[in-house]
Amino acid sequence: MNEMTKLALVGTANLQQDAASLAALAGLLPAGNREQQLLWQAGARAVYEEAGQLPRSVSLPTPAANDSQAQAPAALWRCLLDTINGDQSELGPWLVARLQLAGYRAPISLLPQILAKPETRALWQPLLGERGRWLAAQNPDWSLQTETTATDPAARLAQLERDWQEGTLTQRRAALAELRRHDAALARDWLSAVLPKEKAEQRLALLESFASSISADDEALLEGLLADRSQAVRQLAANLLAGLPDSACAARLAARADTCLIWQGAPAAEGAVAKVVAWFGKGQSGAIQLTVNVPTDLPKDWERDGIVANPPYNTGKRAWWLQQLLALVPPQRWCTQSGATPDALLPILLADEWAEALLTGIAEATCRFADAAWATALFEQGLKPNGLGLEGDKSAKGNPNPLPAFLGRLWPALPEAAREAALLRLIVAEQLDAAYQCLFKLPAPWPASSVRAISRVLNPASFGEVAPGNLDQRIAILELAVLRCGDDALPALSEQVTKNLQGIAARPEWTYRYSQKRAERSVELATAKQTIIKEIPL
Amino acid sequence: MQLTEQQVLALAPDSGSANNGKKLAAHKHWPLLGRSGRALWGECQGSGSKPYQVRLDIADYASKCSCPSFKFPCKHALGLLLLAASQPALLAEGSEPEWVGDWLDKRSETAAKKEAKAIAKAEAPVDEAAQQKRAEKRDNRVKDGLAAFQVWLEDLMRNGLARLPAEGPAIWEQQAARLVDAQAGGLAARVRVLGDLVGSTSDWPARLLAELGRLALAIRAYERIEHLPESLQHTLRLYLGFAMREDEVLVSGEALRERWQVIGQATDDTERVRVQRTWLQGEASGRHALLLQFAVGAQPFGASWLAGTAFEGELVFWPGATLRALLKGSATPLPSPSTFFHAQTIAQLLEHNAASLANNPWLERVPVVLAGAIPVVRDGIWSVAQADGQSLPLAVKEDWLWLALSGGHPADLAAEWDGRAIRPLGVFIAGAYHPLAGAKS
């Protein structure tokens with residue numbers, strides 16, 4: 001700080017020494033009191049310094065390399081900006097994939113917005129081009145995920161080990177998952193070495209990263225974890241073990257389940273008389289009987305194998321235990337034990353006093369073990385209007401039907417060929433939440449037949465009569481259809497969505513306004529998608 | 001003349017209009033469309049029964065629409081412009097319907113009438129004595145106001161600047177109000193700004209002192225204004241805030257007819273008023289000009305100038321060492337240029353700045369077109385450099401758009417230099433103009 005500024009800060013009243021004036025200015029200023037002199041000198045000096053300013057020297061950066069790919073067509077830039085900003089972000093992944101296929105890259109003027117947010121940065125990474133990567137390198141905040149740089153396996157292993165020993169939890173999970181892909185045994189050794197020292201949350205997180213690649217070799221490790229201090233870890237280990245068909249745990253569970261559910265099937269046809277009886281087809285149906293025995297107190301070894309003792313609200317203790325046990329046993333077992341198909345067994349299960357627990361447990365097991373036959377049978381049952389079926393007094397107990405809640409999860413277990421038809425039946429049966437869940441899992445682009453069928457079922461006429469609460473689910477399904485359908489199906493769908501909107505907008509009641517907003521959004525998405533298809537024909 | 005969508009959206013008074021305009025830019029909303037050499041028109045089907053008639057003058061983008069909106073341009077005009085930008089084939093050449101032709105004729109009539117009125121006023125016999133008396137009275141008022149302000153400044157020097165951060169901006173507002181009462185509005189604006197300067201950066205005492213010093217020099221100069229050369233007198237009066245009125249300038253200012261390129265535009269938003277600076281550069285002469293517009297609150301500016309366009313017209317300049325000018329008559333649009341015409345090096349800019357300061361010590365900023373400018377960021381500090389490694393600091397905190405557009409390659413940049421830093425306004429990349437004035441400072 002120079003003398004003049006110091007003098008001004010402190011004040012001429014407090015500092016007696018005047019600041020020396022610049023040689024160039026000396027004598028040019030008129031006479032005046034100290035304050036005037038100070039002001040005029042400051043002003044003159046400001047002009048003097050500004051006029052004499054010199055530039056600084058700086059080293060220039062290396063320029064970006066030239067891009068070979070063309071930028072996305074200019075007509076789409078507004079659309080792209082909406083997608084990047086979040087107004088129409090659902091279109092993002094589809095748009096990026098399409099641009100990539102057509103060989104375009106992101107427009108340069110939109111690069112700062114793309115790079116500013118981590119989500120868009122990750123999504124648009126393949127489209128950045130040389131300019132985008134150069135720009136990201138200029139800002140330390142914008143780090144791009146680089147692919148594995150070390151191709152040499154030994155170096156990679158060393159890097160993984162470093163991450164494993166020293167990284168954060170996320171890094172350790174990633175390192176473990178990657179090692180597991182290459183060398184499962186080594187990964188297992190690392191994990192078992194570390195488990196005794198870790199806290200419960202870490203143990204759970206690390207075990208979870210193993211969950212997708214469990215094999216029979218891991219049995220020893222998991223058996224050890226059944227004795228873990230943390231209940232969550234014990235549960236996870238038990239669930240994983242139950243998924244291994246040959247493990248000792250699975251065998252124990254199966255044995256226990258056998259004691260609980262005793263099937264008395266029709267005797268095998270032996271002897272001439274029995275054969276004759278069998279020819280006449282008598283006595284086959286209804287010959288299978290089920291006895292359910294659930295212990296009154298939970299045995300210790302059950303708990304050790306992952307059955308939780310305390311039931312949630314509104315479920316009985318023993319029903320809860322039965323339910324959990326059944327969920328861990330492949331439902332195929334019941335077919336082999338009783339010698340009948342799931343369709344035949346289902347009425348027997350429904351008629352039993354433990355029907356709700358039985359169904360819930362077997363449905364869980366079907367989802368876990370992806371049993372197609374049981375899935376088909378349960379799905380059919382779930383679609384029926386009063387799914388607990390024929391015995392009116394049983395349903396009069398007030399127990400809600402558990403099966404509809406499982407419809408969404410049973411659907412992936414169905415055989416491929418039956419899935420589309422099942423989906424449409426879900427929609428027709430008004431199970432729209434389950435339908436939405438299943439549709440979500442259906443990968444884009446959807447087959448044209450499905451789209452046609454969906455639009456036929458959710459036609460504008462039906463929109464007119466539906467109450468506002470149910471409208472939202474339909475709008476959601478149609479919006480998902482707009483996002484995921486193929487290029488050819490879009491115009492017709494777009495028209496339908498517009499008509500639906502007009503129908504809703506025509507309803508004056510305020511309760512329809514929220515649905516109207518959602519419908520407007522679907523129309524906007526459809527229009528945007530159509531514009532994109534027009535500009536980037538594939 | 002072809003406009004880009006970006007430029008059209010720059011005309012929108014707020015983002016709501018821009019969005020509504022975008023929604024209307026589809027063919028299905030416009031049952032009638034057409035264009036001629038001097039206008040665009042269309043009929044837009046709104047929610048009412050009759051469609052709205054929208055007319056647009058191509059020369060200065062003034063629009064008139066029969067909708068009851070208070071915004072200019074309204075969303076229908078924006079939609080029409082966007083449609084013209086994205087699908088020009090839809091607007092077929094044709095003869096103007098009478099509602100378009102009538103409006104255009106009336107406009108040119110009004111412009112001609114205004115000019116005639118200005119000339120008539122200037123030639124009318126003027127009451128010399130009364131004018132003299134008014135001028136004297138104003139002079140005295142200003143002198144008194146400035147004297148009072150000088151006393152306050154000296155007090156400030158006596159007591160020291162150190163106590164200012166604790167006192168807040170109220171004292172500056174008060175002084176500014178007194179200066180406004182004394183009819184020295186320009187000076188008042190400078191003083192008001194100083195309230196924000198106190199305590200804002202680490203070198204605020206030096207900067208504040210420099211500003212106060214310049215104010216004091218101006219006050220001293222005004223005391224002996226009769227002894228100053230004529231050009232400096234005009235400059236000083238401009239600085240203090242009694243500029244010549246527009247109609248006087250139209251008649252007596254220096255006129256120059258040229259092909260002008262709009263090199264950049266900057267808008268400053270203060271709480272009282274929005275100031276829009278549009279910088280022009282003559283193609284042949286290389287001379288710079290400044291068009292100043294003011295608007296209060298959400299009101300639109302009077303005329304719409306788009307950066308990156310060019311027109312031919314006559315400009316009249318204010319007297320004194322200033323670049324401020326006014327358009328006389330109407331402007332003929334020219335095809336959009338693909339490059340700047342007179343670019344300079346950094347050394348030339350600083351020379352030019354020094355020469356300008358010699359003529360006008362109270363100079364606020366000069367426009368410049370830097371040849372082959374490259375943005376450089378190092379450890380979060382931004383500067384603009386040229387190929388020889390000479391650089392100047394940037395006034396904005398960051399400008400990623402410019403960095404992305406340039407890719408490290410040199411490109412001509414139009415900017416403002418305020419004595420300390422460069423404020424980028426626009427850059428030509430591959431023959432297309434990209435405005436940069438939206439960066440945060």
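Any value given below was found using the heavy atoms of this structure, including those in side chains, with hydrogens, waters and symmetry copies removed.
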If you measure from [atom1] on [X] to [atom2] on [Y], what distance do you get to the nearest 0.5 Å?
X        : Y        : atom1 : atom2 : answer
A/Leu60  : B/His409 : CG    : NE2   : 12.5 Å
B/Glu398 : A/Asn139 : CD    : CG    : 8.0 Å
B/Leu401 : A/Leu111 : CG    : CG    : 9.5 Å
A/Arg78  : B/Leu82  : CZ    : CG    : 6.0 Å

If you count heavy-atom pairs under 4.5 Å between each of [options] and chain B, which one has the most?
options                     : value
A/Pro55, A/Ala65, A/Ala116  : A/Pro55
A/Gln41, A/Glu49, A/Gln138  : A/Gln138
A/Gln53, A/Gln113, A/Glu130 : A/Gln53

Side chain, backbone, both or neither of [X] within contact of chain A (heavy atoms, under 4.5 Å):
X        : value
B/Arg378 : side chain
B/Ile346 : side chain
B/Asn353 : side chain
B/Ile374 : side chain
B/Glu351 : neither
B/Leu209 : both
B/Ala387 : backbone

By a 4.5 Å heavy-atom criterion (distance strictly below it), what part of [X] contacts chain B: side chain, backbone, both, or neither?
X        : answer
A/Pro140 : neither
A/Asn33  : side chain
A/Arg131 : side chain
A/Ala75  : neither
A/Leu54  : backbone
A/Ile108 : both
A/Arg34  : neither
A/Val47  : both

Nearest atoms (heavy-atom pairs only) where [X] meets [Y]:
X        : Y        : result
B/Asn159 : A/Asn14  : O-ND2, 4.3 Å
A/Pro61  : B/Pro375 : CG-O, 4.4 Å
A/Ala8   : B/Met157 : CB-SD, 4.3 Å
A/Glu50  : B/Gly419 : OE2-CA, 3.5 Å

With B/Trp400 via ring pair (Phe, Tyr, Trp, His ring centres under 6.0 Å) - residues at least two apart
A/Trp142, B/Trp382
Among [options], who wins on heavy-atom pairs under 4.5 Å with chain A?
options                                : answer
B/Gln150, B/Glu211, B/Lys22            : B/Lys22
B/Gly407, B/Ala210, B/Ala216, B/Gly213 : B/Gly407
B/Arg158, B/Glu154, B/Arg214           : B/Arg158
B/Leu363, B/Leu405, B/Asp155           : B/Leu405
B/Leu208, B/Leu392, B/Leu350, B/Ile429 : B/Leu350

By side chain to side chain contact (heavy atoms under 4.5 Å, CB included) - contacts of A/Lys117 (at least two apart)
A/Glu119, A/Thr120
Less than 4.5 Å apart, side chain to side chain, heavy atoms only: is that true for A/Pro30 and B/Arg220?
yes
Can you check whether A/Trp40 reaches B/Ile219 side chain to side chain, under 4.5 Å on heavy atoms?
no
Tell me, yes or no, whether the heavy-atom count around B/Arg163 atom CZ, taken from other residues, nucleotides or ligands under 6.0 Å, exceeds 12.
no
Counting only heavy atoms not in A/Gln17, do more than 12 sit closer than 6.0 Å to its CD atom?
no
